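Residues: numbered from 1 along the sequence shown. Everything quoted here is computed from the prediction, not taken from an experiment.
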Amino acid sequence: MFAKPFLAQLGRGHVDGVYNFAKDPHALERFASGSGDGVVKVWDLTSRDELWQTKAHDNIVKGLCFTLDKKLLTCGGVDRTIALHDPYNTASGSKPISTYQGKNAFTAISHHRESQAFAASHSAGISIYDLSRPTSAPITNLSWPTSVDTVSTVSFNLVETSILASTATDRSITLYDLRTSSPLRRMVLQHASNAVSWNPMEAFNFAVANEDHNVYIFDSRMLGPSTQSSAGQKSVAPRALNVLKDHVAAVMDVSFSPTGENLVTASYDRTIRLWDRNKGHSKDIYHTKRMQRVFCATYTPDAQYVLSGSDDGNIRLWRAEASSRQGVVNARQRQALEYGEALKDRYKHMPEIKRIARHRHLPKTIKKAGEIKGEELKSIKRREENRRKHEKKTVGKDGRKSEREKMVIATEG
């Protein structure tokens with residue numbers, strides 16, 4: 001009830017808003033951030049201070065990621081460039097060691113987990129580059145044949161490393177395979193998606209942060225259109241594995257924890273929420289009075305902390321478990337903590353204990369917006385029920401769709 005999850009703000013933050021994060025896969029305590037004024041900084045979580053910074057681009061940093069040899073890739077939209085930096089071996093403010101020039105404005109970047117390849121998305125699709133080649137031209141270009149809209153995000157699978165997913169401004173989610181250099185499947189939702197995150201423990205599952213205030217978890221093997229087999233069996237229509245709904249504004253970012261069991265989301269409603277992947281509502285909500293619209297959030301590699309970057313230029317560090325203790329505990333303290341957890345688990349079914357465990361203090365604006373949104377959803381359901389009652393009945397169809405199916409408009413592939 002009296003947990004204080006907020007730990008600290010890192011350094012002096014950025015001058016402009018923070019829009020991107022990148023974790024170093026080789027170090028628990030290092031990560032990078034990109035801001036709206038083109039500045040990229042590398043931070044040390046142990047000292048909570050910056051180690052390195054440079055002016056990477058003329059305007060907003062649209063994406064950044066670490067390579068296998070601890071270098072940092074950044075992409076800019078206005079200057080149409082991808083820059084390769086060496087933050088651990090060069091001084092702050094140094095120029096990039098190499099630059100890739102593109103024909104279109106870049107929107108996101110993602111590095112392959114096992115090779116020197118990386119993918120950059122832009123208005124014409126996705127370009128694949130190889131750092132081991134001397135040329136700066138892309139080795140291949142990927143796009144869906146019938147789509148001409150801008151690809152907004154791209155992300156490599158962490159397990160099936162040749163698979164990558166992307167979202168576009170035409171509200172589509174597309175999967176590609178580098179082994180065949182071709183697109184696999186495409187699905188169109190009712191609203192556009194802002195981010196995609198692969199589950200690091202389950203190869204085929206990924207989550208997308210959507211503009212309709214929800215997060216959808218999909219199985220990439222079940223995105224194709226429903227078909228009738230020769231044996232007469234009909235495949236299952238595309239549907240989400242789970243729908244996470246609690247935010248009251250667009251979800252700007254989503255990230256799985258290293259264990260694959262939890263997620264963290266950043267939203268335009270100035271809050272971040274923590275979720276259990278199997279439950280539809282958030283288990284915790286983090287906010288401060290000064291925190292503005294949150295554009296990025298992620299877990300640290302040890303899954304003990306959460307990082308958030310917001311429009312006010314600050315990078316905040318939170319506990320992943322709001323009431324967890326910090327520092328070394330002796331045997332007596334550990335025994336007391338374990339006893340308390342056992343008591344909560346034993347009596348969690350009781351209404352009084354359930355109410356205390358479920359209650360979270362919400363800002364007045366979030367609480368009011370949630371109440372208004374609840375009334376709107378009830379009104380939509382009433383209208384659908386009335387339409388169902390009075391329209392002409394069709395044999396075998398009543399027009400009902402589950403919450404996990406109704407957001408999918410079309411599928412291809």
Side-chain angles (χ1 to χ4, degrees), residues 1 5 167 171 173 188-195 207-218 237-254 262-295 297 308 310-311 322 348-349 351-393 397-409:
M1 293 176 65
T167 63
R171 303 169 294 166
I173 301 169
V188 181
L189 305 185
Q190 290 187 356
H191 295 83
S193 300
N194 294 316
V208 291
N210 204 266
E211 283 282 338
D212 65 356
H213 312 175
N214 298 333
V215 176
Y216 301 104
I217 301 176
F218 291 102
R239 66 196 308 267
L241 296 177
N242 200 3
V243 182
L244 312 181
K245 44 173 68 177
D246 261 344
H247 281 295
V248 295
V251 185
M252 305 306 297
D253 195 17
V254 60
N262 301 298
L263 300 96
V264 61
T265 55
S267 175
Y268 211 69
D269 62 11
R270 302 173 185 174
T271 65
I272 63 174
R273 289 181 182 263
L274 279 71
W275 313 76
D276 187 327
R277 62 164 191 166
N278 295 321
K279 296 181 180 177
H281 293 280
S282 60
K283 63 178 183 179
D284 227 326
I285 175 172
Y286 293 167
H287 57 89
T288 68
K289 289 184 179 179
R290 296 183 179 181
M291 187 163 69
Q292 297 302 309
R293 295 160 181 144
V294 192
F295 285 91
S308 68
S310 54
D311 211 17
K348 63 183 179 182
H349 62 282
E352 297 88 349
I353 305 300
K354 189 185 297 184
R355 184 185 64 83
I356 294 172
R358 189 177 61 241
H359 176 73
R360 293 292 181 273
H361 174 73
L362 297 175
K364 185 182 290 186
T365 54
I366 303 297
K367 192 174 187 330
K368 185 66 177 176
E371 292 173 353
I372 294 173
K373 183 181 175 182
E375 290 298 323
E376 292 174 348
L377 293 176
K378 289 179 183 177
S379 175
I380 292 172
K381 288 183 179 179
R382 281 197 303 270
R383 185 164 66 246
E384 289 179 351
E385 284 297 327
N386 290 336
R387 178 182 58 79
R388 229 175 262 120
K389 286 179 183 177
H390 300 290
E391 72 180 358
K392 185 177 179 180
K393 299 293 186 294
K397 293 184 179 180
D398 62 353
R400 295 178 186 270
K401 270 192 175 183
S402 71
E403 288 291 323
R404 301 187 181 191
E405 294 178 5
K406 61 172 58 176
M407 88 293 296
V408 180
I409 296 178

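Salt-bridge check for Glu385 with Lys381: failed, with every basic side-chain N at 4.0 Å or more from each acidic carboxylate O.
With rounding to the nearest 0.5 angstrom, the NZ atom of Lys368 is 14.0 Å from the CG atom of Leu362. To the nearest 0.5 Å, atom NE2 of residue His191 and atom CZ of residue Arg171 are 8.5 Å apart. Taken to the nearest 0.5 Å, the CD atom of Gln292 stands 4.5 Å off from the CZ atom of Arg270. Distance CG/Asn242 to CD1/Ile217: 5.0 Å, rounded to 0.5 Å. Expressed to the nearest 0.5 Å, how far CG of Asp276 lies from CG of Leu263 amounts to 8.5 Å. Once rounded to the nearest 0.5 Å, the distance linking CD of Glu403 with CD of Glu405 reads 10.5 Å.
A heavy-atom distance below 4.5 Å is not found between the side chains of Asn210 and Met407. Between Arg360 and Ser282 the shortest side-chain heavy-atom distance does not fall below 4.5 Å. At least one side-chain heavy atom of Lys378 sits less than 4.5 Å from a side-chain heavy atom of Arg382. Proximity of His287 to His361: side-chain heavy atoms (C-beta onward) are separated by under 4.5 Å at one or more points. Contact check for Ile409 versus Leu189: no side-chain heavy atoms found under the 4.5 Å cut-off. Side-chain contact between Lys283 and Asn262 is present, with at least one heavy-atom pair separated by less than 4.5 Å. Side-chain atoms of Val264 and Tyr286, non-hydrogen and from C-beta on, never get closer than 4.5 Å to each other. Within the 4.5 Å cutoff, the side chain of Val254 has no heavy atoms near those of the Leu244 side chain.
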Full working for side-chain contact (heavy atoms from CB on, under 4.5 Å) between Gln190 and Asp212
CA-CA 8 Å; Gln190 290 187 356; Asp212 65 356; 5.9 Å; no
Pair Arg239, Val408 - check side-chain contact (heavy atoms from CB on, under 4.5 Å), show working.
CA-CA 7 Å; Arg239 66 196 308 267; Val408 180; over 6 Å; no
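For the pair Asn194 (side chain) and Val251 (backbone), a donor-acceptor distance under 3.5 Å is present. With hydrogens and angles disregarded, a donor-acceptor distance shorter than 3.5 Å links the side chain of Arg404 to the backbone of Leu241. Side-chain atoms of Ser267 do not come within 3.5 Å of backbone N or O of Ile272 as any donor-acceptor pair. Looking at Lys373, its side chain never comes within 3.5 Å of a backbone N or O of Ala249 through a donor-acceptor pair. Side chain of Asp269 to backbone of Val248: a donor-acceptor contact under 3.5 angstrom is found. When atom types are taken as modelled, the side chain of Asp246 and the backbone of His281 share no donor-acceptor pair closer than 3.5 angstrom.
Across all their heavy atoms, Gly280 and Trp275 have their closest contact at O-CZ3, 3.7 Å. In terms of heavy-atom proximity, Lys348 sits nearest to Ile353 at CA-CG2, 4.2 Å.
Counting non-hydrogen atoms of neighbouring residues, nucleotides and ligands closer than 6.0 angstrom, the NZ atom of Lys406 exceeds 12 such neighbours.
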